[in-house]
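The structure presented is a predicted model; accordingly, all values stated were derived computationally and were not measured. Below, chains carry the letters A, B, ... as their sequence lines are ordered, and counting in each starts from 1.
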Protein chains: 2
Amino acid sequence: MTRPRIRLLIGDTVALGPGKAALLEAIAETGSIASAARRMRMSYRRAWSLVQAMNADFTKPLVERAAGGRGGGGAVVTPLGHDAIERYRTMEARASAAVESDLDGFTALLKPQVSNPDTDG
Amino acid sequence: MTRPRIRLLIGDTVALGPGKAALLEAIAETGSIASAARRMRMSYRRAWSLVQAMNADFTKPLVERAAGGRGGGGAVVTPLGHDAIERYRTMEARASAAVESDLDGFTALLKPQVSNPDTDG
DNA sequence: AAGCGTTATGCATAGCCGTATATAACGCAT
DNA sequence: ATGCGTTATATACGGCTATGCATAACGCTT
């Protein structure tokens, strides 16, 4: 099965792609960078640096962080963050829809692949 | 300025993306992997391994190679290869078109960026 | 005051990716 | 036969990326 993925670039760095979008959503759901990182099986260091990069790339932070306090602190996706996610997801959906009719034909050119338990869910 | 890029994945490896598509076109135009690599400023090793990967992923080779002979040999993009390129380009165009109206709004969320002489042409 | 889990940061390390370099084989041209 | 530029392949190296581990600060809870 073939899937299309889109990423939105500024220059040649990724402003928002599948990874960052998923991370944002995980932060929104879990309430912290640390737990989001655990869920996504990436190091806290990496998750933190991705957040850092996103916050730096956008006009205002997508994620607001707090160290200390109830539960040790946490992170919150800002309204701008939610806006960015939503826009990304709609673009992703529209791109997929636009390409959908072509996908089967393209996939037919590919060798049958063994399924990957990691991405099949 | 923001640009969308799509790549077509099988599992989590790239079957065809911007890089491989450009390489295929460069091979088609120059007639060899070596010259295509030079044009794209990548090592012959890398270009060769990308061709290798593509040939392995598709039902039949996208590139046919010959060592020795007039001009030392060369590489030719097969009909299947041209087919794959064309399909990729149409999907790319359709995805871009589908997303175009959303791009401005998204870009407005980003900080103004310094231009990159490498990608601006 | 002590504990907790988080954010934040440094550093050392392993892995991967791509480059660079060298070498061989190939097959046509001269 | 020699030369040429290509394909093909091995090896070594540098760089980047991500991880892992350690540590500190933070601020609420108890």
Side-chain angles (χ1 to χ4, degrees), chain A residues 7 9 11-15 17-20 22-24 26-57 60-78 81 116 118-119, chain B residues 7 9 11-24 26-57 60-78 81 116 118-119:
Chain A
R7 38 201 86 201
L9 307 178
D12 51 355
T13 71
V14 180
K20 283 177 175 174
L23 178 61
L24 278 180
I27 292 173
E29 286 173 25
T30 64
S32 78
I33 296 175
S35 55
R38 282 193 295 270
R39 170 187 290 195
M40 296 187 63
R41 289 152 196 269
M42 71 171 66
S43 65
Y44 169 79
R45 195 73 166 76
R46 172 157 168 68
W48 178 87
S49 74
L50 289 176
V51 169
Q52 193 82 348
M54 285 189 280
N55 280 353
D57 285 341
K60 289 186 297 183
L62 302 193
V63 175
E64 222 126 55
R65 305 107 111 189
R70 172 199 155 90
V76 173
V77 174
T78 65
N116 184 339
D118 233 47
T119 46
Chain B
R7 39 201 84 202
L9 306 179
D12 51 355
T13 71
V14 179
L16 204 53
K20 283 176 175 174
L23 178 60
L24 278 181
I27 292 173
E29 288 173 24
T30 63
S32 79
I33 297 176
S35 55
R38 282 193 295 268
R39 170 188 289 195
M40 297 188 61
R41 288 152 194 269
M42 69 171 66
S43 65
Y44 170 79
R45 191 70 168 77
R46 173 157 170 66
W48 179 86
S49 73
L50 289 176
V51 168
Q52 193 82 348
M54 285 188 281
N55 281 353
D57 285 340
K60 289 186 296 182
L62 302 193
V63 174
E64 223 126 55
R65 305 105 112 188
R70 173 199 155 91
V76 173
V77 175
T78 65
N116 184 340
D118 236 44
T119 46

Would you mind reading off the distance between [X] atom [atom1] and [N] atom [atom2], rounded to a whole angstrom?
{"X": "R45(A)", "N": "dC16(D)", "atom1": "CZ", "atom2": "C1'", "answer": "14 Å"}
{"X": "Y44(A)", "N": "dA18(D)", "atom1": "OH", "atom2": "P", "answer": "16 Å"}
{"X": "W48(B)", "N": "dC26(C)", "atom1": "CH2", "atom2": "C1'", "answer": "16 Å"}
{"X": "R41(A)", "N": "dG20(D)", "atom1": "CZ", "atom2": "P", "answer": "12 Å"}
{"X": "N55(B)", "N": "dT7(D)", "atom1": "CG", "atom2": "P", "answer": "13 Å"}
{"X": "L23(B)", "N": "dG18(C)", "atom1": "CG", "atom2": "P", "answer": "12 Å"}
{"X": "M42(B)", "N": "dC17(C)", "atom1": "CE", "atom2": "P", "answer": "15 Å"}

- Message: Expected output is a numbered-order residue list: members of residues 60-70 of chain A with a heavy atom under 4.0 Å from any atom of DNA chain C. What is it?
- Response: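 When residues 60-70 of chain A is checked for heavy atoms under 4.0 Å from DNA chain C, the hits, listed by number, are R65(A), A66(A), A67(A), G68(A).
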
- Task: Output the residues of residues 27-40 of chain B in contact with DNA chain C, where contact means a heavy atom of the residue under 4.0 Å from an atom of the strand; sort by number or write none.
- Result: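 Within this stretch, nothing sits under 4.0 Å of the strand.
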
- Item | Side-chain heavy-atom pair V51(A), L23(A) within 4.5 angstrom cut-off |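 Yes, their side chains come closer than 4.5 Å.
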
- Message: With heavy-atom distances below 4.5 Å as the criterion, would you say the side chains of R65(B) and N55(B) are in contact?
- Response: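 Yes - at least one pair of side-chain heavy atoms lies under 4.5 Å apart.
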
- Query: Would you say dA18(D) has OP1 or OP2 under 4.0 Å from some side-chain N or O of R46(A)?
  - Reply: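 Checking R46(A) against dA18(D): at least one side-chain N or O falls below 4.0 Å of OP1 or OP2.
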
